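Given the structure is predicted, the values throughout are model-derived calculations rather than measurements.
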Amino acid sequence: MPLSANRRRALALLGSVVAAPWLAPRVGRAAEAWPIRSVKYVNGFPAGGATDTLSRVLCQKMSELSGQSFVVENKAGAGGVLGADAIAKSPADGYTIGLGGIASNVLAIGSYAKLPYRPREDFTFITGMWQLPNILTAKKDLFSSDLKELLAAFKKEPGKYTYASAGFGTTLHLSGEMMNSMAGVQVRHVPYRGAAPALNDLLGGNVDMLFDNLPGSLPSVRSGAIRPVAVTAKKRIAELPDVPAFAELLPGFEMTSWTALIGPANMPGDLVAQINALTAKALKDPWVQQRYADLGATTWPTTPQEISAYRDSEEGRLLPIMKAAGIKPEGGG
């Protein structure tokens, strides 16, 4: 029996309603908004140090811009390795991100015989965050804070003096080993679980010197509690114009700490783009830039591709330097 025109139209309409759910995946979906809840930011160094201060400034601004909390979780140990490992093993949903960079994603390769993660493959590199030089400081009652005099004394009495750092395999450790290698001296390394406890022991006179990120030691230098010796930048820095650069006595000496915002591997591209955009907006905020400048750091937003390529280039540059300085992989992360 032939269908009437009205009945044919009704069946066609019903068919389109039934088919609609099946058609939806083919037309695609808009990217989900991020963040819609609290975000955990993992910092592999203790509270109170330079990385902690700079991380909290950034997270405060990202919270203000997004309307969601960015909560800093300090998971210190092994020169940032423990924190990075926690990020690598988190869900790739954008709600656990954190601090990566030169320590955990480059220097750890030359410092540890075995790592719990692959420094390149097990992470999504989202953006750069900041760059800053390191500084060598001395306790107030050390016989001198003049770099030339110190190096001469170190040569005369190998192994007598000590320098502290935030941990084995950090840029601070490498700065000390570069000094030993390039100056032909032997100053003993005393590693700590972060810069803050190392600074406390320098203030207490328990170690002779400290290699630290500039923001961590700058307040104590300005107050006169410790004495500046030299910075690891190519040349003198604006914050401390009277403090020499190592390169003035040891040509070619340069060590700059840099950080990356990282997440677990395999994060969706649209999610990475959203996190990158929010971070860049925060880093370009005048308040953030001024707070970083006050601490001797420079904001450093990049694209995901740029920060990934930079990590690769730093591995190629620094691992041979570590080997030449006699830093051998040991222990395990």
Side-chain angles (χ1 to χ4, degrees), residues 50 79 101-103 106-107 109-111 131-139 142-192 195 198-199 202 207-218 220-221 226-258 296-298 313-328:
I102 189 170
V106 177
L107 300 185
I109 301 170
S111 300
Q131 293 181 312
L132 66 154
N134 299 330
I135 183 171
L136 176 65
T137 57
K139 61 183 181 181
L142 192 66
F143 66 91
S144 175
S145 61
D146 180 83
L147 179 60
K148 188 174 182 179
E149 291 180 4
L150 286 173
L151 293 179
F154 298 159
K155 280 189 176 182
K156 288 181 180 179
E157 299 182 277
K160 177 180 179 180
Y161 298 97
T162 57
Y163 78 88
S165 82
F168 183 82
T170 61
T171 62
L172 312 168
H173 176 207
L174 182 54
S175 294
E177 295 308 305
M178 285 180 68
M179 176 185 71
N180 282 343
S181 177
M182 295 180 72
V185 299
Q186 294 179 33
V187 182
R188 289 185 290 117
H189 178 221
V190 183
Y192 286 77
L199 176 58
L202 179 68
V207 290
D208 297 313
M209 294 170 292
L210 166 67
F211 273 100
D212 194 7
N213 296 139
L214 182 62
S217 289
L218 195 55
S220 297
V221 168
I226 56 177
R227 297 190 294 178
V229 176
V231 296
T232 65
K234 281 185 178 180
K235 56 185 180 180
R236 299 188 183 205
I237 60 175
E239 292 81 7
L240 298 169
D242 296 329
V243 178
F246 271 98
E248 294 175 25
L249 288 181
L250 304 174
F253 193 112
E254 181 192 3
M255 180 57 58
T256 300
S257 292
W258 57 269
T298 303
S313 70
E314 283 286 88
E315 180 179 337
R317 180 179 80 92
L318 293 175
L319 293 190
I321 294 176
M322 295 179 75
K323 186 176 181 179
I327 299 177
K328 299 178 181 179

For [X], all residues meeting side-chain contact (heavy atoms from CB on, under 4.5 Å), sequence neighbours excluded:
| X | answer |
| --- | --- |
| K235 | none |
| M182 | M178, L250, F253 |
| A247 | none |
| A164 | Y192, A198, V207, L210 |

What is the minimum heavy-atom distance between [X] and [Y], and which atoms define it?
| X | Y | answer |
| --- | --- | --- |
| A245 | A233 | CB-O, 3.6 Å |
| G79 | A103 | O-CB, 3.6 Å |
| V185 | K155 | CG1-CG, 3.5 Å |
| G216 | L199 | O-CD2, 3.5 Å |

With a 3.5 Å distance limit and no angle check, can you tell me whether [X] reaches the backbone of [Y] through a side-chain donor-acceptor pair?
| X | Y | value |
| --- | --- | --- |
| N213 | P215 | no |
| D208 | T162 | yes |
| Y163 | A138 | no |

Show the numbers, then the answer: is there a side chain to side chain contact (heavy atoms under 4.5 Å, CB included) between S217 and I226?
CA-CA 8 Å; S217 289; I226 56 177; 4.2 Å; yes

Output the distance between atom [atom1] ([X]) and atom [atom2] ([Y]), rounded to the nearest 0.5 Å.
| X | Y | atom1 | atom2 | value |
| --- | --- | --- | --- | --- |
| L151 | E149 | CG | CD | 10.5 Å |
| L147 | L249 | CG | CG | 5.0 Å |
| T137 | M209 | OG1 | CE | 9.0 Å |

Taking salt bridge (charged side-chain N to carboxylate O under 4.0 Å, His left out) as the test, write out the residues that go with [X], two or more places apart.
| X | answer |
| --- | --- |
| E177 | none |
| E248 | R236 |
| R227 | none |

Those residues that, when tested against [X], pass side-chain hydrogen bond (donor to acceptor under 3.5 Å, both in side chains) (two or more places apart):
| X | answer |
| --- | --- |
| T256 | none |
| Q186 | none |
| S175 | N134 |
| S165 | H189 |

Would L107 and E314 satisfy side chain to side chain contact (heavy atoms under 4.5 Å, CB included), going step by step from the backbone distance to the final call?
CA-CA 9 Å; L107 300 185; E314 283 286 88; over 6 Å; no

Do the non-hydrogen side-chain atoms of [X] and [Y] ever get within less than 4.5 Å of each other?
| X | Y | answer |
| --- | --- | --- |
| S111 | M322 | yes |
| I135 | L218 | no |
| L150 | V187 | no |
| I102 | L174 | no |

Go through the structure and list residues passing ring-ring contact (aromatic ring centres under 6.0 Å, His included) with Y161, not counting sequence neighbours.
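Expected list: F143, F154.
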
Between W258 and V106, is the side chain to side chain contact (heavy atoms under 4.5 Å, CB included) condition met? List the steps.
CA-CA 11 Å; W258 57 269; V106 177; 3.9 Å; yes

In sequence, state the C-alpha distance, the side-chain angles, and the governing distance for L214 and I237, and then conclude on side chain to side chain contact (heavy atoms under 4.5 Å, CB included).
CA-CA 10 Å; L214 182 62; I237 60 175; 3.4 Å; yes

